[in-house]
Amino acid sequence: MPIRCKRCRAALSEIYIPYARLNLCPDCFLKFYTSKVKRTVEEFKMFRDDDVVGVAVSGGKDSMALLHALKYGFPKLSLKALHVNLGIANYSAHCQAKVEKLVESLDVELHIFDLQKEIGITIGDFKRTPFKDKLCSVCGTIKRHVFEELAIRAKVKVLATGHNLDDIVAIMFNNFLYGQWEQLVRLKPVLPPLAEGMAYKVKPLIKCPENENLLYCLYGNVPFREMECPFSSGTGVKKKARIIETAAGDNPYFKHQLLNRFLELIPLLERNKPQKSFKTCQICGFPSLDQICAYCKRLSLVWRAMGKA
Ligand code: SF4
Ligand code: ZN
């Protein structure tokens, strides 16, 4: 027998939210999702209505859903989309085209950093370096730095990223297993700027499971990439945390419980965190634990390998 939506009680339900035992129709699901994102932003005081907020958009379902939901959830907010073109054949052009389509439909300003045009490299060029088997790791370092740079260029006070609930609990679990306490603290919902002039980092999708981000894109007509990165190894941190998926199969609230316990632990972890003093990278001027930051070290490696250094 068809089930009616539990919110409007008029339309037929198409979506079941297991941890909330909610049957929803598409319209009520879209409202459910945007109000969850809104409540998360408010709960952790991620930004105010008069802030300039940048959204790091890769073209994937999470960041595209985030940009769209923020635009509808906070209509007065000044939003800017930030995108890094990684120069990966076909894939990067495809991602950028999806981002351009979304920002045009939302009327949001877009700032792009094209690795090839701006610094003369692509992620594939790292195949010529000792990072050849760790392209995702080097890609992460490059993106983190470039998004900081884009945030400064776009003059945004807050940088929102599309980390979802599944990402957070999987990374948290791995950091916990390997005792990486400092990285664990970096998963908190709001990170203050590393230096003056840099942006706060916020994670408004911290309570959104990745399948809800996908459903939001599908039911909300939000464009997102339909290609896999050719360098994706499929052995991401989520695959390693299969034990979480197994437990979540028996208890749909399991990931939320993990997240909630982690949020309670943060103040304790922060109090016991060793104080590290940041220097200034001698090349780019960004905060760094060494004389030369990880980004500049990797750039000089790839330039050298390409005969450009
Ligand atoms: Fe970068 Fe790896 Fe993602 Fe490709 S799969 S975009 S190389 S992090
Ligand atoms: Zn540097």
Side-chain angles (χ1 to χ4, degrees), residues 55-64 66 82-99 112-116 118-153 161-164 166-168 170-171 174 183 193-199 210 213-214 224-240 276-305 308-309:
V55 181
V57 276
S58 64
K61 62 183 186 332
D62 303 308
S63 56
M64 299 290 259
L66 172 62
L82 314 181
H83 177 68
V84 182
N85 185 311
L86 302 166
I88 300 171
N90 303 323
Y91 174 76
S92 292
H94 171 77
C95 293
Q96 187 173 321
K98 295 287 178 184
V99 170
I112 297 178
F113 190 108
D114 187 312
L115 292 188
Q116 176 74 273
E118 304 218 21
I119 46 177
I121 63 149
T122 69
I123 289 301
D125 292 329
F126 283 95
K127 280 189 186 159
R128 306 188 207 179
T129 73
F131 285 98
K132 59 179 181 288
D133 298 321
K134 293 181 186 161
L135 286 184
C136 288
S137 142
V138 78
C139 184
T141 308
I142 301 289
K143 282 189 290 197
R144 269 191 298 282
H145 180 100
V146 170
F147 274 124
E148 293 275 13
E149 212 166 307
L150 268 180
I152 295 171
R153 263 190 217 178
T161 56
H163 293 92
N164 61 48
D166 302 70
D167 292 334
I168 299 289
I171 304 170
N174 275 280
Q183 270 130 297
L194 280 177
E196 218 188 304
M198 294 176 97
E210 66 174 346
N213 299 337
L214 176 63
F224 64 98
R225 72 170 164 80
E226 290 140 22
M227 273 178 90
E228 266 301 307
C229 171
F231 302 137
S232 164
S233 60
T235 54
V237 75
K238 268 181 259 174
K239 292 248 161 67
K240 288 187 207 148
K276 291 208 171 154
S277 58
F278 281 95
K279 305 177 184 70
T280 300
C281 169
Q282 288 179 357
I283 299 177
C284 68
F286 272 39
S288 165
L289 291 172
D290 291 328
Q291 308 280 10
I292 310 289
C293 74
Y295 170 78
C296 290
K297 281 181 192 161
R298 280 151 187 76
L299 274 197
S300 51
L301 260 183
V302 73
W303 278 330
R304 210 173 311 139
K308 290 185 179 178

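As the structure is a prediction and not an experimental result, all values here were calculated from the model. For the numbers below, each heavy atom of this structure counts, side chains included, while hydrogens, waters and symmetry mates do not. Remember, it's 1-based here, ligands and their atoms both numbered in the order they're listed. Sequential numbering from 1 along the given sequence is applied to the chain's residues.
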Nearest non-hydrogen protein atom, atom 2 (Fe) of ligand 1: Cys136 SG, 2.3 Å
Ring geometry between Phe131 and Phe126 (parallel below 30°, tilted from 30 to 60°, perpendicular above 60°): perpendicular
Protein heavy atom at shortest distance from atom 3 (Fe) of ligand 1: Lys143 NZ, 4.0 Å
Atom 1 (Fe) of ligand 1: nearest protein contact (heavy atom, Å): Cys139 SG, 2.4 Å
Minimum-distance pair of heavy atoms, taken over all atoms of Ile152 and Met198: CD1-CG, 4.3 Å
Heavy-atom closest pair, residues Leu86 and Cys139: CD1-SG, 3.9 Å
Flag if over 12 foreign heavy atoms under 6.0 Å of NZ, Lys134: no
Atom indices of ligand 1 within 4.0 angstrom of Cys229 heavy atoms, with elements: 4 (Fe), 5 (S), 6 (S), 7 (S)
Sub-4.0 Å atoms of ligand 1 with respect to non-hydrogen atoms of Leu86: 6 (S)
Asp125 backbone acceptor or donor facing Thr129 side chain under 3.5 Å: no
Sub-4.0 Å atoms of ligand 1 with respect to non-hydrogen atoms of Phe231: 7 (S)
